[in-house]
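Reviewing the structure listed below.
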Amino acid sequence: MRKKVEQIIKKSISDQFAIDIDCEITHPPSEDLGDYSTNVAFLLAREVHKSPKEIAEEITANIKDNKIEWAKPVNGFINIMLKKEEWLNELKRANNPNYGDSDKKKNKRILLEFVSANPTGPLHVASARAASFGDSLASILKSQGFDVDCEYYIDDIGKQVELLGKSILSKVKELQGEPAELPCDGYSGEYIEELAKKAIKECPSDYSSFGVKEVLSMQKNTLDRFRVHFDKWVSEKEIREKGMVNKVIEDLSSVKPSPLIQKDGALWFAGEKRERVFIRSDGTPTYIVPDIAYHLNKFERGFEHLIDLLGPDHIDHIPELKKSLALLGHPEENLEVKIIQWVTLKRGDQTVKMSKRSGEFITIDELIDEVGIDAARFFFLMRKASIPMDFDLDLAKEQSERNPVFYVQYGHARISSLLDLAREKGYSTDSQNNLALLEKDEELRLIKKIPEFKEVLEDAAKIREPHLVAYYLLDLSKIYHNFYQGVRIIGGEAELVLPRLFLSNVVRNVIARGLSLLGVSAPVRM
RNA sequence: GCCCCUGUAGCUCAGUGGAUAGAGCACCGGUUUCCUAAACCGGAAGUCGUAAGUUCGAAUCUUACCAGGGGUACCA
C-alpha cells in the first residue's frame, strides 16, 4: 500500500513539475489526518522556488487517482486517505501464509556470519543474543528476496585452542590421581571434567583437536536446540592449511605502496590511525590475518555483500579488516559490520555475575532451561543490536501479562481457538463475503494495520533490525485484542460473522508469520 | 590518554531529518450470566544528559562537554 501511494505521488509530481524525486511515505501522527503522509513539498520547495505550503496545495488539488478517497495539504504535508475498497482488496491478498514476503528477487548474494565463538567452551548468553539476531535477520532478509547464507567461523587453531587441550589434559591427570597443574588462565568448569572423562575412554593423540571436536559438537547441539541454523561451518585451521594466510601477506606486499612494515622483528600493517602486528616475531600470524583470508574467501565464493555480526570486543579490528580488503580490491561498503552489544543478566534488580575464567557463566542451554526458547529469543529480538541490554530472567520466565512474548502468543492462541470453534459450528473462516460491512473503528484499524506488516519487513531488512517486527507484532496483537473485546464475533450480528472470522484469520496468519521470522513458536492453545 | 556503546515518563525501551515525542510495566479507577480476563477501557506521568552549530524543520546530523558501561595484547 505504501508503494502504491508512492507511485501516485511520484506520478503527480512528474506530471506537474517534471521532476523525479525520491519521496518518503509515512503514517501521519493521528488517524484522522489520513492513512499516509508525505513530506515531498518540503523537498521540492528548493527545486521549484515555491513555499512547501503552496506546493502541497497544488499537488493535492491536481492529484487524480481512483484509489484515493481524499488528499489534503496540512502545513506543507500532504495527507492521503485511501478508499476503503483498496484496503479490502489488500486484506484479501493478505489471506496467505506468506503475506509480507517480497515477490521481487534481489540479485545479490549475501553472506551473514555470526556467533563464531571460540570452540573452547559452551556458548553463553552473549552468543545467544547474536544467534537469535542473526537467525532472525537471515529469515527477514530471505523474506524480502535476498539470497542469504549463514556461516559460522570456527577459530580452531591458536593459543586458546592449545589452552583447551592443556586444560583437558591437566584434568585427565587429576582424575587419574597424577600430579596436575591447571595451566594459568586455563579453562575450568564442569564441561572440562566431562571432556576429560571422555578423553580417558578415547585416549586421543591430540587433546586440543579432541577438545575442539567435542566442544563444537556441543555448540552445534545447543544451536539446533535454540532453532538457529547455519549453512556452513568454516574452519580457520583449513584456511591456514590451504595457504590462504600467506597469500594475503603476499598480496598485501605487492600493493603499491605496501601497507606492510618490518619492525621489531614483526610485520606490521599501517592503518590510518595506528599500526597493528600482522605477523608476530615468532612467525605466526595474528588473528586478523586469517580473518582477512576468510573474508576474501567469502568474496571468492561469489558472495557480493558480507554482513558480520560481531561482539563489541572485535570493534578494534574492523578498520584494518576493511582497509585490507579494500586494498585487495573489495570496496569497504561490501563488508557491513554490525555490533551486537553485550547482555547483562538480571534477576529482578540483581546482576548475575559472569566470569568465563572461573567457569561461572550462564550458558544458552541453562538459559533455555530456565526461561524457554520463545521467551529468550523474543527478549533478545525486542532490542536493537547497538544497545547493551539487560535480560531479566525473572520477567522472561514469568507467565503473566507483564511478559510481552506471551501477549503476542496469546493473541495467536485466542484467534486459533476462536477459528476452531467457528469451524465446529460450520462457519467458513476464509469467506470473502460481506467484507465491506466491516466499518467499526476497531475493525478498520485492524484492516489498515495488516498491510503495515509488509512495510515493517521492508524496513527491518533495510536497516537490518528484527526488533521492528517484534514491536509490530505487539502493536497488532493489541489492536486485535481491542477488536475482540469490542465486538462479538460468533453470535454477533449474523451478516458480520463471516467477515469478522476472515479478518481474524488474516491476523492469525500475520502473527504466525511474524513469530516464525523471529524464530518464536505460535501456539494454538495456551 | 585513545576508541566504542548508551543517556527519552518512576522502571524497561520504541522513535534511523518532519506535524501536538510514543508504548509496555509500575501506580490509580472501571469492565466478565457472553467466542480464552495471559484480555479490554479510562486516568496521571517529559528540561529527549548539557551547550553551541547545520537545516524551512533536530530526540534524530556535527562539534564540545557531563554521566554510566565496555574495550584498549606480538589473545581471539
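To find a chain, count down the sequence lines: A is the first, B the second, and so on, and within it residues start at 1.
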Note: [X]-[Y] ion pair, threshold 4.0 Å (strictly below):
{"X": "A:Glu493", "Y": "A:Arg500", "result": "yes"}
{"X": "A:Lys263", "Y": "A:Glu275", "result": "yes"}
{"X": "A:Asp156", "Y": "A:Arg240", "result": "no"}
{"X": "A:Glu465", "Y": "A:Lys384", "result": "no"}
{"X": "A:Arg2", "Y": "A:Asp459", "result": "yes"}

Which nucleotide wins on minimum distance to the side chain of [X], given the candidates [options]?
{"X": "A:Arg414", "options": "B:C75, B:G70, B:U36", "result": "B:U36"}
{"X": "A:Asp316", "options": "B:A14, B:U72, B:A19", "result": "B:U72"}
{"X": "A:Tyr407", "options": "B:U16, B:C40, B:C13", "result": "B:C40"}
{"X": "A:Tyr410", "options": "B:A39, B:G24, B:A76", "result": "B:A39"}
{"X": "A:His467", "options": "B:U16, B:U72, B:C41", "result": "B:U16"}
{"X": "A:Asn482", "options": "B:C35, B:C40, B:U36", "result": "B:C40"}

Look at all strands and tell whether [X] reaches a base, only sugar-phosphate, or nothing, counting heavy atoms closer than 4.0 Å.
{"X": "A:Tyr484", "value": "base"}
{"X": "A:Pro388", "value": "sugar-phosphate"}
{"X": "A:Ile490", "value": "base"}
{"X": "A:Phe42", "value": "base"}
{"X": "A:Ile387", "value": "sugar-phosphate"}

Would you say the base of [N] and the side-chain of [X] have a donor-acceptor pair closer than 3.5 Å?
{"X": "A:Thr286", "N": "B:C74", "result": "no"}
{"X": "A:His317", "N": "B:A76", "result": "yes"}
{"X": "A:Asn79", "N": "B:A19", "result": "yes"}

Now, which nucleotide makes the Watson-Crick or G-U wobble pair with [N], with each of the two distances under 3.5 Å?
{"N": "B:C40", "value": "B:G30"}
{"N": "B:U12", "value": "B:A23"}
{"N": "B:G57", "value": "none"}

Whole angstroms only, please: what is the [atom1]-[atom2] distance between [X] and [N]?
{"X": "A:Met526", "N": "B:A39", "atom1": "CE", "atom2": "C1'", "value": "12 Å"}
{"X": "A:Asn39", "N": "B:U16", "atom1": "CG", "atom2": "P", "value": "13 Å"}
{"X": "A:Arg525", "N": "B:A38", "atom1": "CZ", "atom2": "P", "value": "15 Å"}

Short side-chain N/O contact to B:C5 OP1/OP2 from A:Ser386, under 4.0 Å
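A:Ser386 to B:C5 OP1/OP2: no side-chain N or O under 4.0 Å.
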
Within the pair A:Arg280 and B:A76, is there a side-chain N or O less than 4.0 Å away from OP1 or OP2?
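So the side-chain polar atoms of A:Arg280 do come within 4.0 Å of the phosphate oxygens OP1 or OP2 of B:A76, strictly under.
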
Taking the six-membered ring for Trp and the full ring for Phe, Tyr or His, determine whether the centres of A:His295 and A:Tyr153 are under 6.0 Å apart.
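No: the rings miss the under 6.0 Å criterion.
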
Aro-ring/base stack A:Phe77-B:A19, d under 5.5 Å, angle under 30°:
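By the stated criterion, A:Phe77 and B:A19 stack.
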
Would you measure the distance from the P atom in B:A45 across to the matching atom in B:A58 and give it in whole Å?
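To the nearest whole Å, 26 Å.
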
Whole-Å P distance, B:C65 and B:C74:
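B:C65 and B:C74 have their P atoms separated by 28 Å.
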
